[in-house]
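Since the structure comes first, as structure tokens, the remarks are kept for the end.
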Amino acid sequence: LTTPQTDCVVRAPGRRSWSATLAFSSGSSRALRACSEDKMDWLSNMRSHRLENLPLLGREAVLEVIPNFDFYLMGLVERISLAPADESAERYVFNLTAKYSSGEQEQLVSLRFLGAQRVRLPELAPSFWLSELEIEDISSHQMENIRFRAKSFGMADFEVLCQNIEVALC
């Protein structure tokens, strides 16, 4: 019994292309369709720590200054704030400012989590560090008004579920 396979090249506008070999059975033509479509639907449920791969607000301005911006290089959190986004107090704006340190430069980066519905923070004593921060598009999970999850996959227990994320250099 053999499993049919097809080669697929995925191209995103202005980006490198990835090659993959997909194995599928007669009942799983979804992978083949996703591969052959000219749309970027395959990005749903995408998780990345590279800003260039994520459709965040403020992305272009940050990439002009730091072309290879990597959320893994964010460290010590210097400021956090939480405020209601509207009078209903069902959604919040969560602001976080942390040090970004690549080998040659260090500066502060601000993340605004707009329409935040869930914010989980680690113990804040004596300090709070981000570790292996990744952002995932979870819009396909059908959670009302939630598009992104930002989560630290390192030692910090940090997670935010929100409608949008804005990134900026301080």
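For this chain, numbers begin at 1 and follow the sequence in order.
We find the OG-CZ distance between Ser102 and Phe69 to be 9.5 Å, quoted to the nearest 0.5 Å. Atom CD1 in Ile138 sits 5.0 Å away from atom CE in Met143 (nearest 0.5 Å). Between Ile135 atom CD1 and Leu51 atom CG the span is 7.5 Å, to the nearest 0.5 Å. For the atom pair CG (Leu161) and CD (Glu136), the distance works out to 10.0 Å, reported to the nearest 0.5 Å. Once rounded to the nearest 0.5 Å, the distance linking CD of Glu132 with OG of Ser152 reads 7.0 Å.
A heavy-atom distance below 4.5 Å is found between the side chains of Leu63 and Glu52. Leu114 is listed as a side-chain neighbour of Leu57, based on a closest heavy-atom distance under 4.5 Å. Lys99 is listed as a side-chain neighbour of Leu108, based on a closest heavy-atom distance under 4.5 Å. When side chains are defined from C-beta on, Phe148 does not count as touching Phe113, because their heavy atoms never get closer than 4.5 Å.
Across Pro67 and Val65, no two heavy atoms sit closer than the pair CD-O, 3.5 Å.
When each of Leu130, Val119, Leu133 is tested with Leu96 by the rule side chain to side chain contact (heavy atoms under 4.5 Å, CB included), just one qualifies, namely Leu130.
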Would you be so kind as to tabulate the donor-acceptor pairs closer than 3.5 Å made by side chains of residues 71-83, with sequence neighbours excluded?
residue	atom	partner	partner atom	Å
Tyr72	OH	Glu134	OE2	2.3
Ser81	OG	Asn95	ND2	3.2

Taking only distance into account, with no hydrogens and no angle test, what donor-acceptor pairs under 3.5 Å do side-chain atoms of residues 163-170 form with protein atoms, sequence neighbours excluded?
none

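Ser101 contributes no side-chain N or O that, together with a main-chain N or O of Glu106, makes up a donor-acceptor pair within less than 3.5 Å. For Tyr100 (side chain) and Asp70 (main-chain N/O), a donor-acceptor pair under 3.5 Å exists by modelled atom type.
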- Message: Quick one, Arg149 with Glu159, criterion side-chain contact (heavy atoms from CB on, under 4.5 Å). Give me CA distance, side-chain angles, the key distance, then yes/no.
- Response: CA-CA 7 Å; Arg149 174 176 44 204; Glu159 181 179 38; 2.8 Å; yes
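For Gln107, the side-chain hydrogen bond (donor to acceptor under 3.5 Å, both in side chains) test picks out Gln105, with sequence neighbours left out.
Cluster membership for Leu124 and Trp129, using ILVMFWY side-chain heavy atoms within less than 4.5 angstrom, is not shared. Both Ile66 and Leu56 are members of a single hydrophobic cluster when ILVMFWY side chains are connected at heavy-atom separations under 4.5 Å.
Between Phe158 and Phe94, the ring planes are tilted. Angles from 30° to 60° get that label.
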